[in-house]
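One-based numbering, in listed order, for ligands and for the atoms of each. These values consider heavy atoms only, across backbone and side chains, with no hydrogens, waters or symmetry-generated copies.
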Amino acid sequence: MATILCVLYDDPVSGYPTTYARDGLPQLERYPGGQTLPTPSAIDFTPGELLGSVSGELGLRSFLEGHGHTLIVTSDKEGPDSEFERRLPEADVVISQPFWPAYLTAERIAKAPNLKLALTAGIGSDHVDLDAAIEHGVTVAEVTYCNSISVAEHVVMMILSLVRNYLPSHRWVLDDGWNIADCVERAYDVEGMDIGTVAAGRIGLAVLRRLAPFDVRLHYTDRHRLPAEVERELNLTYHPDARSMVPHCDVVTINAPLHHETRNLFDDDLLATMRRGAYLINTARGLIVDRDAIVRALESGQLAGYAGDVWYPQPAPADHPWRTMPHHGMTPHISGSTLSAQARYAAGTREILESFFAGSPIRDEYLIVDGGRLAGTGAHSYSAKG
Ligand code: NDP
């Protein structure tokens with residue numbers, strides 16, 4: 001029987017909810033492009049419930065305990081005295097969400113002799129040292145597509161909120177003001193702007209599709225070019241890399257995974273090549289940008305705004321400079337953890353566990369590392385060292 005160590009974010013400060021703002025969720029048939037939604041044999045939760053926090057347990061307890069497994073759920077993940085680190089040596093499976101990542105470093109993987117599966121309840125497995133997973137024969141899997149559209153919607157929201165100066169204007173209302181000029185002195189229309197995405201995978205392409213009706217000029221860069229009919233349909237301009245794309249953009253959105261090629265991509269040098277007053281949206285990973293270079297660019301006016309939901313480390317410390325830098329629209333890491341997304345990634349987590357325990361193959365599109373090498377989606381979107 002297996003021990004499953006599951007690291008989830010804390011319950012709401014007001015306690016685990018007993019009622020919800022809406023009754024149920026819309027029914028989706030398929031993801032865009034045709035991939036099927038998760039297909040576990042059953043689920044033990046009601047879609048629309050809070051599943052990603054400690055008391056939600058991703059809806060897994062009765063399934064796992066019913067099969068004789070041990071489920072440990074904790075939010076305590078930092079440092080050698082954390083419950084995560086203390087229980088790691090007995091874990092066969094570690095489940096973690098990118099929003100509250102249990103960093104599986106090479107040192108931690110070395111301390112987990114039983115570990116066979118690192119499962120991301122979400123998308124983005126960069127909190128796992130993939131090279132160490134490859135070396136130790138640990139399978140890494142994630143619930144591909146579960147929250148891609150959730151993030152794409154968040155990106156569009158953040159572009160509009162920055163360009164139109166929404167958050168400072170809302171602040172004036174909370175402060176009993178009616179300060180039109182203060183609100184509009186930094187407000188523009190998105191119409192006519194050049195908007196580019198670094199990566200046009202599931203999220204990046206969904207962002208492009210959602211922006212097309214705004215009558216903007218769309219740009220993208222990616223390691224693989226999109227089909228010619230998609231480029232034509234959305235009137236896309238392709239650039240071979242970020243460096244050649246960003247000087248042509250008023251808004252840049254980052255939608256690439258964090259790996260060797262993208263770490264620290266947006267440094268002082270690249271930011272300096274952007275149009276003065278450009279906006280940068282990063283919902284991909286905090287380490288794709290240079291933290292302090294972003295602060296400098298906002299302070300100098302090189303960037304007119306920065307928004308996103310990804311930081312490093314997570315949770316961000318109270319003194320993280322992005323909390324207080326000017327003209328930002330940051331949230332905690334939430335875009336991929338709507339109640340809608342949680343229902344999909346909880347079901348996908350169960351599907352992966354069912355395959356794992358049955359000894360049957362995990363869907364190829366869920367795999368990042370398997371059999372000592374990058375596999376499935378991981379082989380397409382990530383790169384290994386060396
Ligand atoms: P996909 O795998 O569908 O797309 C990733 C794309 O990035 C691929 O098209 C890949 O190219 C491209 N890419 C990889 N390296 C580079 C590079 N160096 N330059 C340009 N493009 C590159 O993933 P998703 O769209 O679903 O997710 C993207 C990322 O978004 C995730 O890895 C994760 O980090 C983040 N994310 C954030 C969430 C949040 O809550 N904020 C939730 C979900 C994801 P190709 O495959 O063509 O080689």
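- For atom 18 (N) of ligand 1, the nearest non-hydrogen atom of the protein is Glu261 OE1, 2.9 Å.
- Nearest protein neighbour of atom 2 (O) of ligand 1, counting heavy atoms only, is Ser381 OG, 2.8 Å.
- The protein heavy atom nearest to atom 8 (C) of ligand 1 is Asp222 OD2, 3.8 Å.
- Side-chain contact of Tyr345 with Glu142: a donor-acceptor pair under 3.5 Å is absent, judged by distance alone.
- Looking only at heavy atoms of the protein, atom 1 (P) of ligand 1 is closest to Arg202 NH1, 3.6 Å.
- Considering backbone and side-chain N/O of Gly336, one or more are found under 3.5 Å from N/O of ligand 1.
- Of the protein's non-hydrogen atoms, Ala284 O, 3.7 Å is the one closest to atom 35 (C) of ligand 1.
- In this structure, SG in Cys183 is found 9.5 Å from CH2 in Trp178, a value given to the nearest 0.5 Å.
- If you check which protein heavy atom lies closest to atom 13 (N) of ligand 1, you get Pro257 CD, 4.0 Å.
- Using a distance-only test at 3.5 Å, with no hydrogens or angles considered, no donor-acceptor pair links the side chain of Arg210 to the main chain of Val156.
- Between Phe357 and His69, the two ring planes are parallel [angle under 30°; tilted spans 30° to 60°].
- Checked by distance only, ligand 1 and His380 come closer than 3.5 Å through their nitrogen or oxygen atoms.
- At a cut-off of 3.5 Å, with distance as the only test, a side-chain donor of Glu354 or Ser41 sits close to an acceptor on the other residue.
- For the pair Arg291 and Trp311, the cation-pi criterion (under 6.0 Å, within 45° of the ring axis) is not fulfilled.
- When heavy-atom distances to ligand 1 are checked against a 4.0 Å cut-off, Tyr145 has no atom that comes that close, whether in backbone or side chain.
- At the shortest separation from atom 37 (C) of ligand 1 among protein heavy atoms lies Thr283 O, 3.1 Å.
- Close approach of ligand 1 to Ser335 (heavy-atom distance below 4.0 Å) involves ligand atoms 39 (C), 40 (O), 41 (N).
- Contacts between His333 and ligand 1 below 4.0 angstrom, taking non-hydrogen atoms only, involve the side chain exclusively.
- Within the listing of ligand 1, atoms 40 (O) sit less than 4.0 angstrom from a heavy atom of Phe99.
- No side-chain donor from either of Thr74 and Arg86 sits under 3.5 Å from a side-chain acceptor of the other.
- Listed by number with element, the atoms of ligand 1 under 4.0 Å from a non-hydrogen atom of Ala199 are 6 (C), 7 (O), 12 (C), 21 (N).
- Leu115 CG to Asp92 CG: the interatomic distance, rounded to the nearest 0.5 Å, is 8.0 Å.
- Residue Thr262 has at least one heavy-atom neighbour below 4.0 Å for each of these atoms of ligand 1: 17 (C), 18 (N).
- When all heavy atoms of Gln302 and Met274 are compared, the closest pair comes out as NE2-O, 2.8 Å.
- For the residue pair Asp194 / His219, a side-chain donor-acceptor distance below 3.5 Å is found, with atom types taken as modelled.
- Of all atoms in ligand 1, listed by their number and element, those nearer than 4.0 Å to a heavy atom of Arg285 are 33 (C), 34 (O), 35 (C), 36 (N), 37 (C).
- The nearest non-hydrogen atom to atom 29 (C) of ligand 1, considering only Ala256, Ala200, Gly122, Gly124, comes from Ala256.
- Ligand 1 has His259 within reach: a non-hydrogen atom of the residue lies less than 4.0 Å from it.
- Heavy-atom proximity to Val151, at under 4.0 Å, picks out these atoms of ligand 1: 38 (C), 39 (C), 40 (O), 42 (C), 43 (C).
- Within ligand 1, the atoms closer than 4.0 Å to a non-hydrogen atom of Ser148 are 26 (O), numbered from 1 in the order shown.
- Between His224 and ligand 1, at least one N/O pair is under 3.5 Å apart.
- Side chains of Glu78 and Tyr103: no donor on one and acceptor on the other come within 3.5 Å.
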Which donor-acceptor pairs under 3.5 Å do side chains of residues 5-17 form with protein atoms, sequence neighbours excluded?
from	atom 1	to	atom 2	distance (Å)
Tyr9	OH	Ser337	OG	2.7
Tyr9	OH	Gln342	NE2	3.3
Asp10	OD1	Ser75	OG	2.6
Asp11	OD1	Ser53	OG	2.6
Asp11	OD1	Val54	N	3.4
Asp11	OD1	Ser55	N	3.0
Asp11	OD2	Ser55	OG	2.4
Tyr16	OH	Leu50	O	2.3

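- Contact annotation: for Asn255 versus ligand 1, heavy atoms closer than 4.0 Å belong to the backbone alone.
- Nearest protein neighbour of atom 30 (O) of ligand 1, counting heavy atoms only, is Ile203 CD1, 3.5 Å.
- Taking the six-membered ring where the residue is Trp, Trp322 and Tyr306 present tilted rings, their angle falling between 30° and 60°.
- Judged by the 6.0 Å distance and 45° axis criteria, Arg350 is positioned over the aromatic ring of Phe63.
- Contacts between Asn147 and ligand 1, counted as non-hydrogen atom pairs separated by less than 4.0 Å, involve the side chain only.
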